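Comments concern the structure below.
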Amino acid sequence: MAVAAPESPPRAYVLSFRCPDRLGVVARYSGLMYDCGAYITEVSNYSDPVTAMFFLRCVFDDRAMTVPYAELARRLEALASTMAMDYTLRPVSERPRVLVAVSRYDHCLSALLTKWKAGALPADIVAVVSNHEDCRRLVEFHGLPYHHLPVSADNKREQEAQLHALVEGQRVDLLVLARYMQILSDDLCRRLEGRAINIHHSFLPGFKGARPYHQAYERGVKVIGATAHYVTSDLDEGPIIAQEVRPIDHQVSVQQMVLYGHDIEATALAQAVRLHCEQRVILNGQRTVIL
Ligand SMILES: Nc1nc2c(c(=O)[nH]1)N[C@@H](CN(C=O)c1ccc(C(=O)N[C@@H](CCC(=O)O)C(=O)O)cc1)CN2
C-alpha cells in the first residue's frame, strides 16, 4: 500500500534490543511494529552462536503510525517482558547528553568538540570536567561550562562524589573519559555501566595501565594502537567499542609514538562516541555487538 508523502517530515525513532535467541523473535517484534504502523527504514541484527543471544537495531518513523507512540511503547514493554528482552527506544531527535572528562592532554577533547560543533556528533556535549586547569580556555572557547575538580591523595573519594553529582545534576546519559587519568571507583563504574567510555592509548589487550607507549617501545612493536572501551572496575578491561592502529618502524621514538597516538586516539574515541550515541552498540557479556 503506497504511503502518501506527509506534510511535515515524519518523526523518527530508534529501537535496539537483545534477547535470548529463538525462532520467531523477528516475527514477534516486526509483527508489533506492523500492527502499530511503524514504518521501518533501517534494520540490522545478529545472532550470537556462542551466547545464543539475539541483537537488533531498527530505525522507524511515524508516517503511517496507526496508534500513538505511547501505545507502541506500551506494547513493546509487554512484549519485552515475555521475551526476556533488554531494549532501548527513543526518538532520534532526543540526543544523548554527554559530559567529557579530561586531565591535561586535549587532543581527544579537541576532536570531540570540533565534531560536535560541526554537527558530526549525534549528541549534546553539556559540559567538560577536569582535575586540571589546562583545558579550560579550549572548552570556554567552545562556549561550554568547565568544571575544575582537582584531585589530591586525600580527596579522591570526595572529588569523585562531585563528579558523580555532576553526572546526575546534568542528567548525563554518557560520560566520556577523553584522557582522564584518574581511576573511577567500583561503585561509580557500577552506577555508570554501559554509559561511560574511556580511550586507552594502546591496542588492547596489549600494554594496559600507565605509560603504554613506553611499554610498546620497549617491546619493539611495529604497530601502535588506541582502544575505546566501556569503563569497568577492571582497569582497561571493559568491552571494546572501537580500535585504531598505525604501522610504525624501528626509527619511531616514544615521543613520536605519542604524537602519532594523538590522531588514532582521537579517531577511535570519536568513532566509539558516535556509535554509542546512534544506539549501535549493544553489550554482549564482555564483548559488544555493533549494528
Ligand atoms: N575504573 C576505571 N577507571 C578508569 C579506566 C578504566 O578502565 N577503569 N581507564 C582510565 C584511563 N587509563 C587508561 O586508559 C588510566 C588512567 C590512569 C591510570 C593511573 O594509574 N592513574 C593513577 C593516577 C595518575 C595521575 O594522577 O596522573 C591513579 O589513578 O592512581 C591508569 C590508566 C580512566 N579511569
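Values reported hereafter were calculated over all heavy atoms of this structure, with side chains retained and with hydrogens, waters and symmetry mates removed. Along the sequence shown, residues are numbered consecutively beginning with 1. All ligand and atom numbering here is 1-based and tracks the order in the structure. These figures come from a predicted structure and were not determined experimentally.
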Please work out whether any backbone atom (N, CA, C, O) or any side-chain heavy atom from C-beta onward of [X] is under 4.0 Å from ligand 1, and answer side chain, backbone, both or neither.
X      : value
Leu235 : both
Glu237 : neither
Ile199 : backbone
Val231 : side chain
Val151 : neither

(request) If a pair satisfies ring-ring contact (aromatic ring centres under 6.0 Å, His included) and one of its residues is in residues 111-137, list it, with sequence neighbours excluded. (result) none
Those atoms of ligand 1 less than 4.0 Å from some heavy atom in [X]:
X      : value
His229 : 7 (O)
His200 : 13 (C), 14 (O)
Lys156 : 29 (O)
Tyr180 : 11 (C), 33 (C)
Cys189 : 1 (N)
Leu177 : 33 (C), 34 (N)

(message) Please verify the inter-ring angle class for His107 with His262; under 30° counts as parallel, over 60° as perpendicular, anything in between as tilted.
(response) parallel
Which residue holds the protein heavy atom closest to [atom], what is that atom called, and what is the gap in Å?
atom                    : result
atom 8 (N) of ligand 1  : Thr232 O, 2.9 Å
atom 3 (N) of ligand 1  : Leu184 N, 3.0 Å
atom 34 (N) of ligand 1 : Gln182 O, 2.8 Å
atom 16 (C) of ligand 1 : Met181 CE, 3.6 Å
atom 20 (O) of ligand 1 : Ile183 CD1, 4.0 Å
atom 7 (O) of ligand 1  : Asp236 N, 2.9 Å

Distance-only donor-acceptor check, side chains [X] and [Y], under 3.5 Å:
X      : Y      : value
Thr82  : Arg28  : yes
Arg57  : Gln279 : no
Thr267 : Glu244 : no

(request) Could you tell me whether Asn198 and ligand 1 have an N or O pair separated by under 3.5 Å? (result) yes
(request) Would you mind checking if Arg191 and Asp187 are paired as a salt bridge, meaning a charged N to carboxylate O distance below 4.0 Å? (result) yes
(request) Before accepting this row, confirm whether a basic side-chain N of the pair Arg97/Asp173 lies closer than 4.0 Å to the acidic partner's carboxylate O. (result) no
(request) Answer yes or no on whether Arg136 is positioned over the face of Tyr146, meaning its NZ or CZ is under 6.0 Å from the six-membered ring centre and within 45° of the axis. (result) no
(message) Donor-acceptor check, side chain of Ser130 to backbone of Glu133, threshold 3.5 angstrom: yes or no?
(response) no
(message) Has Arg280 got a side-chain atom pairing as donor or acceptor with Leu291's backbone, closer than 3.5 angstrom?
(response) yes
(request) Please say which of Tyr29, Tyr13, Tyr69, Tyr34 ends up in a ring pair (Phe, Tyr, Trp, His ring centres under 6.0 Å) with Phe60. (result) Tyr13
